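Here is the structure we will look at, set down as structure tokens.
All values derive from a computational prediction rather than experimental measurement. The sequence lines fix the lettering, A, B, ..., with proteins before strands; numbering per chain opens at 1.
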Number of protein chains: 2
Amino acid sequence: MDQRTRILFENRARVMKALAHPSRLFIVNELASKERCVHELARLIGADISTVSKHLSVLKAAGIVQDEKRGSQVYYNLRVPCVLKFMDCVEAVLKTSAEKVLALQQGTAK
Amino acid sequence: MDQRTRILFENRARVMKALAHPSRLFIVNELASKERCVHELARLIGADISTVSKHLSVLKAAGIVQDEKRGSQVYYNLRVPCVLKFMDCVEAVLKTSAEKVLALQQGTAK
DNA sequence: AAAATATTTGGCAATATAGGCAAATAGCCA
DNA sequence: TGGCTATTTGCCTATATTGCCAAATATTTT
């Protein structure tokens, strides 16, 4: 793997890594329907506001969300909505995994 | 976030996490064109074979790849090819991020 | 059986991530 | 100004991930 290829995949991994956390996936999902400010998301998730703020900064640094300060609140929204499409495939992975586990349990796996 | 929702996003995050590493993304990319055995991937990546073997077991545990032992070699291939579609969106994220950085540098950001 | 090849697993040190609390910062309003 | 709300940041501890080496396991070959 040459230098250029390595950097390419490191950059891609950075984006994937930003999405690889349950709270951050939840946030992305929430922002799909409408923008939200930090304390709304914190309430929905049930975590400390500072924790959620940090999750948002991870998503922002990765270029997935953008923020806009209005008054004393900061509203976040999706900058690249295509990330929502990941979910269908992820569900497909989970579904076929579940099927495989089931097949193994039932001894019907090839 | 209720119990069921939490588990849903934890499962999704598990799959995303398996993809959130440069070597593992590279592997997925390689397997897109054809199956590979461990030492081939290790050579392409330039890492220790044991390291690559562990990456493969992470992908396998997530349900993304499957393995098939033939002789003394273990061939891996993609079990859920739709993960390849992630890359287009990830590139879109990287591209718009790059544009934003450029705009900021040039002072043309809104 | 011994040697050679392919892969996995255990152990370990280095590094990264997560999450909460407390403190700092910023805007709003009386 | 002072108090109140919203958000971010620093700090710290706990936990997870990574990658290599060495050892174990499996298969093929001589």
Of the nucleotides [options], which has the atom closest to the [X] side chain?
X       : options               : answer
B/His39 : D/dG19, C/dT8, C/dA6  : C/dA6
A/Asp48 : D/dT8, C/dT7, C/dC21  : C/dC21
B/Ser50 : D/dT7, C/dT7, D/dC20  : D/dC20
A/His21 : C/dG19, D/dT8, C/dT7  : C/dG19
B/Thr51 : D/dG19, C/dT8, D/dT7  : D/dG19
A/Lys69 : D/dG19, C/dT8, C/dA26 : C/dA26

Measure [atom1]/[X] against [atom2]/[N] and give the value in whole Å, please.
X       : N      : atom1 : atom2 : value
B/Leu59 : C/dT7  : CG    : C1'   : 16 Å
B/Ile27 : C/dT7  : CD1   : C1'   : 14 Å
A/Tyr75 : D/dT5  : OH    : P     : 16 Å
B/Ile49 : C/dT5  : CD1   : P     : 11 Å
A/Lys54 : D/dA6  : NZ    : C1'   : 16 Å
B/Leu41 : C/dA6  : CG    : P     : 14 Å
A/Arg14 : D/dT18 : CZ    : P     : 14 Å
B/Asp67 : C/dT8  : CG    : P     : 7 Å

Item to check | First of A/Lys17 and A/Leu56 reached from the 5' end of DNA chain D, by closest nucleotide | outcome: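 First, find each residue's nearest nucleotide; the 5'-ward one identifies A/Leu56.
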Item to check | Pairing of B/Glu91 and B/Lys95 as salt bridge, 4.0 angstrom limit | outcome: no
Checklist entry - Any salt bridge between A/Glu40 and A/Lys34, counting N to O under 4.0 Å? => result no
Item to check | Closest-nucleotide ordering on DNA chain C, the 5'-leading residue of B/Val52 and A/His55 | outcome: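 Comparing both residues, the 5'-ward one is B/Val52.
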Minimal non-hydrogen separation, [X] against [Y], with atom names:
X       : Y       : result
A/Ile49 : A/Ala42 : CG1-CB, 3.8 Å
A/Val15 : A/Ala62 : CG2-O, 4.2 Å
A/Gly63 : A/Arg79 : O-NE, 3.4 Å

Checklist entry - Below 4.0 angstrom from OP1 or OP2 of D/dT27, is there any side-chain N or O of B/Arg70? => result no
Checklist entry - What is the nucleic acid contact for A/Tyr76, judged by heavy atoms within less than 4.0 Å: base, sugar-phosphate only, or nothing? => result sugar-phosphate
Checklist entry - Hey, does the side-chain of A/Ser72 have a donor or acceptor N/O within less than 3.5 Å of a partner on the base of D/dC4? => result no
